[in-house]
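Chain letters run A, B, ... following the sequence lines, proteins first and then strands; every chain starts at 1.
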Amino acid sequence: MTHIEANSGINTGRNESESRVSTLVGDRLCIRCHYNLCGQPIVREGHYNMLIVRCPECATIASLQEHPLLGRWATRWAVVFAGLWLAVLLGASLITGGFFYGMTTGLGVKATEPYAAFLSELQTAWLESNDSLNNQPQMWRHSRAEYHAHLHDHWWRTQNPDVLLASVGGWVRIADWNVVWGLALWSPFLIGAGCVWALFLPHVRRRWLPLCSLGLITVPLFFVLIAYTDPFRVGWGWSIGDTVYSQIGMKVQIVALLLMTIPLSIGLLLGRTVARLLVRALLPPRMRGSLAGLWFIDGLQPPAGTRVVRR
Amino acid sequence: MAIAHVCPQCGRDLARRRPQLEPHYNLRLIVCQCGWASTRPMHPLQRSWRQILRLYQSLTTLSGQLVALAAIATTNVFAATWIAATWMKDDNIHDVLQWRFWLLWPLLVVPVVTGSWLSAALSHWRYLSQWLAWAAFVSFIMTLIFLIIPWVYAMQYRVGIRLVPPDPTAGLTTMWTRSMLVFAVIMVVSLIGVPLGSAIRVAHDHRRINRWKRRRCRLRARGLST
C-alpha cells in the first residue's frame with residue numbers, strides 16, 4: 001500500500017513488499033535534503049525490483065545503481081565554464097575582427113589616392129587663382145599636393161561632392177582597384193585564421209562552416225558602417241584624405257571585407273582536415289584517442305590501430 | 001574505498017571490497033557473496049579527470065611536435081638556401097667548400113638533428129614513407145618559397161608598395177635547383193642521425209615499459225594484478 005503526499009509529490013510510504021537486503025556503508029547525500037544516508041537500509045522495492053535507499057528525513061528515494069549526484073556545484077561550474085568559453089569566443093572574434101578592420105582600412109586609404117590627387121589638383125588650382133588667399137597661414141601653401149593636405153573650407157563649400165565624384169566616373173571608376181590584390185598577400189594569414197576558427201566551432205557542420213566567415217566579418221563591417229553613417233565624418237573632413245576616404249574608401253573597404261570571406265571560407269573548410277592530418281602525422285596511435293573528437297565531429301571513424309606495448 | 005558500489009543481485013554494499021584484476025579481460029572485478037560478478041565502476045569525476053590528463057598529454061606532445069617540425073623544417077630550408085646562395089656568389093662548389101669551412105656545420109649539425117628527430121619522434125611511421133614524406137614536405141616548402149618570392153614582389157608592385165617591377169629572370173631557377181641539390185645532400189647525411197634517434201626512442205620506450213612494470217609490481221603486491 002503506497003501513500004502519496006498531497007502536494008509535494010514525494011512517496012513517503014513504505015511498500016510492504018520491500019525487503020531489506022543490506023546496509024549502506026558509503027557516504028551518499030540525499031538529493032533533496034542533503035542528509036547523509038550512510039547506515040540506512042538498502043531495500044529492494046516491489047514494483048521494479050530496484051535497489052533503493054529511502055531518506056529518513058524527507059523520504060526521497062536514492063537509486064543505488066548510479067553514482068551519487070555531484071550536487072548543485074556541478075551545474076554551477078558547468079555554467080561558469082560555458083560562460084568562460086563564450087567569453088573566449090567573443091574575445092577571439094573581436095581580435096579577428098580588429099585585424100580584418102586594420103587590414104582593410106589600409107587598402108581603403110590606398111584605393112582613394114587617385115581621387116585625393118584629383119581633389120588636391122583642383123584645390124591647388126583654386127588656391128593659386130585666388131589672390132585673396134596670399135595672406136592665409138603657411139599651411140595652405142605647404143601641403144597643397146599631399147594626401148593629408150588640409151581641405152580649404154571656403155573652396156569645399158562651393159563644391160558639390162557628388163558632382164565632383166560623377167565628373168571622374170563615380171567611385172567604382174576612380175578607386176584604385178589594384179589594391180584589392182593586397183588581399184592576396186594576406187590570404188595565407190586569412191586561411192590560417194579560418195583553420196583555427198574551424199576548430200573553435202566544433203558544433204557547426206562542415207557544410208555550414210563557410211557561412212561562419214560572414215559572421216567573422218560582421219564585427220569590422222559593423223565598425224565600418226558606424227563610421228560610414230557618422231554625420232561628422234561623411235561629406236568632408238579636415239584633410240583631403242579624410243574626405244575622400246569617407247566618400248570612396250569605406251565602400252572599397254566593404255568590398256574588401258566581402259572578398260575576405262573567400263580565403264576565410266577555404267580555411268574554415270580545410271581546418272579540421274589539416275588538424276586531423278597533423279594529429280595522424282605527429283602523434284603515435286596510443287595518444288590519438290583523446291583527440292578522436294576531431295573525427296567524430298565530421299562523422300568519420302578515427303584511424304585504426306593502437307601501438308602494442310612490448311613486454 | 002569506492003564512493004558507491006552495490007551488488008545488482010542481492011543489494012550488498014560492495015564499496016569497501018577491494019577489486020581483483022581479472023586475468024582474461026583485465027577488468028577490476030568483484031564477486032559478491034551471492035555469486036554475482038560485477039566490475040568496479042569509476043566515478044564520473046575521476047574518469048573526467050583522467051580524460052583531461054590524457055588530453056593534456058596529447059596536446060602538449062602535439063604542440064612540441066609542431067614546434068619541432070617548424071624549427072627543423074625551417075633549419076633545413078635555411079641551411080639549403082644559405083649554402084645555395086653562397087654557391088651562387090662563388091659559382092664553384094669546390095671553392096666554396098675549400099674556403100668557407102663555416103658552411104660545413106649546417107651540412108653536419110642540421111642533418112644529424114633531422115635524422116635523430118625523424119627516427120625518435122616519428123617512429124610510428126614506416127622508415128621509407130617517413131623519409132619520402134619528409135623529403136616531399138621540405139621540397140614543397142622550398143619550392144613554395146621560391147614561387148612566392150616573385151609573386152609577393154609582383155603583388156607589392158601592383159599594390160604600390162614597391163616601385164620597381166620584379167625581374168623573373170633573376171636567377172631564382174638556378175638557386176632553386178642548387179637549393180634542392182644541397183637539400184638532397186642534407187637528406188643523405190641525415191642517415192647519420194638515425195642510430196642516435198633510434199637509441200633515444202629505445203631508451204624512452206624502456207623507461208615507459210619499466211614504469212609500467214613497476215606499477216604492475218606494486219599492484220601485484222596489493223593483490224590487484226595477476
Side-chain angles (χ1 to χ4, degrees), chain A residues 19-28 38 41-44 49-53 62-70 74 106-107 110-111 113 176-188 275 278-293 305 307 309-311, chain B residues 1-16 32 34 41-47 50-66 68-69 121-125 130 133 137 144 148 151-152 154-161 205-206 208-209 212-213:
Chain A
S19 56
R20 177 175 177 158
V21 291
S22 179
T23 307
L24 192 72
V25 291
D27 289 324
R28 181 183 283 266
C38 179
I42 298 173
V43 294
R44 190 179 289 283
N49 274 337
M50 280 195 309
L51 295 167
I52 57 167
V53 168
S63 167
L64 294 179
Q65 295 304 320
E66 56 188 40
H67 280 98
L69 292 176
L70 296 172
L107 296 180
K110 197 79 183 161
E113 278 181 353
D176 180 12
W177 289 105
N178 276 329
V179 297
V180 176
W181 287 102
L183 278 180
L185 292 171
W186 286 106
S187 55
L278 285 174
V279 169
R280 278 188 83 147
L282 297 176
L283 284 185
R286 67 185 167 84
M287 297 185 92
R288 289 178 200 156
S290 50
L291 296 171
R307 190 169 177 179
V309 180
R310 282 175 277 174
R311 293 172 190 250
Chain B
M1 191 183 90
I3 194 163
H5 192 180
V6 179
C7 173
Q9 189 174 9
C10 67
R12 191 181 299 276
D13 197 342
L14 305 172
R16 288 180 188 275
C32 183
C34 68
M42 194 185 280
H43 194 270
L45 268 184
Q46 198 182 359
R47 194 170 54 232
R50 286 196 181 185
Q51 280 173 355
I52 288 170
L53 288 181
R54 221 170 281 145
L55 182 68
Y56 173 75
Q57 194 189 9
S58 297
L59 286 179
T60 44
T61 311
L62 186 65
S63 313
Q65 289 276 64
L66 276 173
L69 174 78
L122 300 181
S123 57
H124 54 283
W125 284 62
Q130 184 187 71
F137 176 67
L144 202 65
I148 278 178
W151 180 75
V152 168
M155 287 298 115
Q156 287 182 345
Y157 174 68
R158 195 150 193 178
V159 173
I161 299 170
D205 283 355
H206 270 291
R208 193 163 51 83
I209 290 165
W212 178 72
K213 278 181 180 171

Participant: By a 4.5 Å heavy-atom criterion (distance strictly below it), what part of A/Ala111 contacts chain B: side chain, backbone, both, or neither?
Facilitator: neither
Participant: What's the separation between atom CG in A/Leu64 and atom NE2 in B/His5, rounded to the nearest 0.5 Å?
Facilitator: 11.5 Å
Participant: Search all heavy atoms of A/Ile42 against all heavy atoms of B/Gly11 and return the closest pair with its distance.
Facilitator: CD1-O, 3.5 Å
Participant: Taking every heavy-atom pair that is under 4.5 Å apart, which of B/Thr61, B/Leu122, B/Leu69 has the most such pairs with chain A?
Facilitator: B/Thr61
Participant: So do A/Val279 and B/Leu62 actually touch side chain to side chain, heavy atoms under 4.5 Å?
Facilitator: yes
Participant: Which bit of A/Leu282 comes within less than 4.5 Å of chain B, counting heavy atoms only: side chain, backbone, both or neither?
Facilitator: both
Participant: Show every donor-acceptor pair shorter than 3.5 Å between a side-chain atom in residues 50-59 of chain B and any protein atom, with sequence neighbours excluded, or say none if there are none.
Facilitator:
from, atom 1, to, atom 2, distance (Å)
B/Ser58, OG, A/Met287, O, 2.8
B/Ser58, OG, A/Ser290, OG, 2.8
B/Ser58, OG, B/Arg54, O, 3.2

